[in-house]
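Step one of this worksheet: look at the structure below.
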Amino acid sequence: MDYLNDLNPEQKKAVEHTEGPLMILAGAGSGKTRVLTYRIAHLINLGVDPFKIMALTFTNKAAKEMKERITRLIGSNESMNVWMGTFHSVFAKILRSEADKLGYPSNFTIYDTDDSKSLIKSIIKELNLDDKVYKPNLVLGRISSAKNNLLSAEEYNKNTSIQSEDQQSKKPLIGKIYSLYVKRCFRAGAMDFDDLLYQTNILLRDFPEVLYKYQDRFEFILVDEFQDTNFSQYTIVKKICARRENICVVGDDAQSIYAFRGANIQNILNFKRDYPDVKTYKLEQNYRSTKTIVQAANSLISKNKNQFKKEVWTQNDSGKNIALFKTTTDNQEGWLVANQIFDTKINQQSFNKDFAILYRTNAQSRAIEEALRKKNIAYRIYGGLSFYKRKEIKDVLAYFRLSLNPKDDEAIKRVINYPKRGIGKTSIEKIALTANEKSKSIWEVISTESLQEVAINNGAKKKIEDFVHIIELFVAQTKTMQASDVGHQIASSSGVLKDLYTDKTPEGLSRHENIQELLNGLKDFEEQKKAQGEELVLLESYMQEISLLTDNIEQDNQELEDSVSLMTIHAAKGLEFPYVFIVGLEENLFPSQLSIYDRNQLEEERRLFYVALTRAEKQLFLSYADTRYRWGKLVVNTPSRFIEEIDPKYIDEKFSKAQTRSNTTEFKTQTPLFGKGYQKRKLTKVAPSQPSSIHTDSTEQIYVGSSVKHQKFGKGKVVHIEGQPHNKKATVYFEGAAGKRQLLLKYAKLEVLT
DNA sequence: CTGTCCTCACTTTTT
DNA sequence: GTGAGGACAG
């Protein structure tokens, strides 16, 4: 148990507390993830079956990082079996295996926010409501928060206080939209993001035997970022751990930044109420940042009224003061950041990857990007327009979805006339009308005799029938063919590839490339599964894997490796960088104008700033601009109130007048050159980046003649190796029934026997 | 039914 | 400044 020596006394106590409820209040940089990972490793070392441990995180990034760290600690074989992932992905998995109980198909579609919004739009239209009053975003928000508070549509309509709220805001029919929305999702065999949690609650509530099963299966539950859980999530966890109460939650109220989405800091308070004999440990020693950063952050967060008492401290050096830059325009701000990075790199001998630039909204990245490009500083944008959100990718994925679940109305609406087939708006509307009358999905209308009852001309009917035949073919193929083959087939037979191929504009080429990239990712996925011993890899399993991915997954590419990170503060949570720039510190931007009239919302913004400050290890740079382009208009700003809330003894104000004049003019003349950056944007790959350094290294130790062991196939001998380093393919003869196999080493996780 | 031009809303954050 | 969606002509 040497690893316990890596921990400080408080951390160690938390790790060694195995049975019974446990709450860890962990300040920023206090080794929260370390405690979680060590605790899981410790449980396994004590003989707990990894299958019986469930570890829930909030984001894919956090899940991925924890997986990697556990693998490093205890090896992949054990860690693979821990149920670890985001709330949404873990419960999606459970819902798929229990779907029939809820009347859903096990291959239900997951609607993303765009799907939900588009469905809501069509419902609003059908009800002849004004979408200026019933703004789809707002309606979706109401429905979402209802679900996250476990209110069904029926309950929503019965609840007098909600109804009077909706009356008062002159939107009395939101409840009706909610009911219809639920009906449509069900009809389409689809769940939205909130359903993944809501329906899990229903499942555990209405099927005691199912609840019992999972209570029995999960002996230990760990929840990361507990302050960000909403009521729905908390209820699931509470139910599953009710029998043993082996629940460990880790959180920091000072870093709660998702209240806007229904997260409830009260959950931390409730926790003490629900588990009176809970053991609480506070991790207050910060290992990440300098004294200056820690104390500056403390001085800021002390302005919040709602918080737990906690004193974060550090033994680290004092470090440099925070640098505060005032600039005149957003472009100048970008330029200043780029220059500062350039200088710091030389003075401190640091790398691009040591820097992060954090902002409140994604739109702010533009000015920064231009400046970095001009200075030739490599950068990477996290979040923003993710690969899966691109139009062309969503089109192909809609065909994939349709081939797996033809009842998916949102997918059908997306592609029934893309590429152009001469099926116009009027026809689709008439079909949708018939579908609603019969309470059937669009597919059930167009693929049966019901189509004859729709009042459209025969030409259009013929075109629709052709479309149905294509999809029917795809449906059949997805059941028997390898995922990558079906993928190619669908991309070309649907006409999508051809449509983009004929488009020779740079955008068209880039879209075509993106689809190739998607198909490559699909192939990679298939190879990976085959290496794990699966014979037939279906498209279905791929779609289940990616439907909850919104991040861009990192590409293992040397060039991208050393780059400056650009991201929103929300996306930066849980990460750390030696040098951190926080830009756009202006009133109405940060804090956002939507939050300044409400104490709670303002405090959330302040916590967000706290999160930003505490990302830094060595030094912080803050900046604001007097004017900034927003919505194409020049806006004049005053500095953010948050700047003054940091104890001024930690801040050095910098004005750079000399640089201001010469460089803004240079900037203006050159800006147009960088107007179109579309095709230069990075391409991201779909390949799940399982291989950590451990695996990549070990593949280099496999030679012809090596004796190896495979998780599924057992022992074997390597007879042939081909391919590039880090991407080698080996032919292996296995002793058992598996016989001769070709495996990609980077996925196969072969153990070398000596 | 399709293509083009115009208007308008969009900027809070994620699964 | 951009992209989605509506109005209108062909």
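Quick caveat, the model's predicted, so the values are computed rather than measured. So that the names make sense, note that chain A is the first sequence line, chain B the second, and so on, each numbered from 1.
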Legend entry - Residues within residues 597-616 of chain A bordering DNA chain B, heavy-atom distance below 4.0 Å: A/Glu605

Legend entry - Nucleic acid contacts of residues 426-434 of chain A, taken as heavy-atom distances under 4.0 Å to DNA chain B: A/Thr426, A/Ser427

Give me, pair by pair, the N or O atoms of the protein and of nucleotides 2-9 of chain B that are less than 3.5 Å apart, along with how far apart they are.
{"unit_1": "B/dT2", "atom_1": "OP1", "unit_2": "A/Gly422", "atom_2": "N", "d": "3.0"}
{"unit_1": "B/dT2", "atom_1": "OP2", "unit_2": "A/Asn417", "atom_2": "ND2", "d": "3.3"}

Calculate the interatomic distance between [X] atom [atom1] and [N] atom [atom2]; express it in whole Å.
X        : N      : atom1 : atom2 : result
A/Asp112 : B/dT15 : CG    : P     : 12 Å
A/His570 : B/dT14 : NE2   : P     : 7 Å
A/Ile124 : C/dG6  : CD1   : P     : 12 Å

Legend entry - Ring centers of A/Tyr234, A/Phe226 separated by less than 6.0 Å: yes

Inset, instruction - Kindly state whether the ring of A/Phe581 and the ring of A/Tyr359 have centres lying under 6.0 angstrom apart. - result: no

Legend entry - Out of C/dG5, C/dG6, B/dT14, whichever nucleotide has its closest atom nearest the side chain of A/Thr568: B/dT14

Legend entry - Out of C/dT2, B/dC10, C/dG6, whichever nucleotide has its closest atom nearest the side chain of A/Arg366: C/dT2

Need one value for [X]: base, sugar-phosphate or nothing, where a base atom within 4.0 Å counts as base even if backbone is also close, heavy atoms only.
X        : answer
A/Tyr629 : nothing
A/Phe590 : nothing
A/Lys463 : nothing

Legend entry - Of A/Leu95, A/Asp192, A/Ile94, the residue whose pairing with A/Gln199 passes side-chain contact (heavy atoms from CB on, under 4.5 Å): A/Leu95

Inset, instruction - Kindly say if A/Lys573 contacts the phosphate of B/dT13, meaning a side-chain N or O under 4.0 Å from OP1 or OP2. - result: no

Inset, instruction - Would you please confirm or rule out a distance under 4.0 Å between OP1 or OP2 of C/dG6 and any side-chain N or O of A/Lys125? - result: yes

Inset, instruction - For A/Asp224 and A/Lys32, work out which heavy atoms get closest and say how close. - result: OD1-NZ, 3.1 Å

Inset, instruction - Heavy atoms only: give me the nearest A/Phe590-A/Leu585 pair and the separation to one decimal. - result: CD2-CD2, 3.8 Å

Legend entry - Along DNA chain B (nearest heavy atom to each residue), the more 5'-positioned of A/Ser89 and A/Ser592: A/Ser592

Legend entry - A/Thr113 vs A/Arg630, nearer the 5' end of DNA chain B by closest nucleotide: A/Arg630

Legend entry - A/Glu465 with A/Lys461: basic N within carboxylate O range, under 4.0 Å: no

Inset, instruction - Give a yes or no on whether a salt bridge exists between A/Asp114 and A/Lys121, defined as a side-chain N under 4.0 angstrom from a carboxylate O. - result: no

Inset, instruction - Please collect all salt bridge (Lys or Arg N to Asp or Glu O under 4.0 Å) contacts where either partner lies in residues 122-131 of chain A, sequence neighbours excluded, each pair once. - result: A/Glu126-A/Arg184

Inset, instruction - Indicate whether any N or O donor in one side chain lies under 3.5 Å from an N or O acceptor in the other, for A/Tyr418 and A/Asp499. - result: yes

Legend entry - Test side chain to side chain contact (heavy atoms under 4.5 Å, CB included) applied to A/Ala625 - qualifying residues, sequence neighbours left out: A/Thr327, A/Glu586, A/Arg628

Inset, instruction - Kindly write out the residues that satisfy side chain to side chain contact (heavy atoms under 4.5 Å, CB included) with A/Thr434, not counting sequence neighbours, or none if the list is empty. - result: A/Lys438, A/Val445, A/Val454

Legend entry - A/Thr59 (side chain) and B/dT15 (base): donor-acceptor pair under 3.5 Å: no

Inset, instruction - Could you give me the CA-CA distance, side-chain angles and deciding distance for A/Asn267 and A/Thr229, then say whether side-chain hydrogen bond (donor to acceptor under 3.5 Å, both in side chains) is met? - result: CA-CA 7 Å; A/Asn267 282 347; A/Thr229 52; 3.1 Å; yes

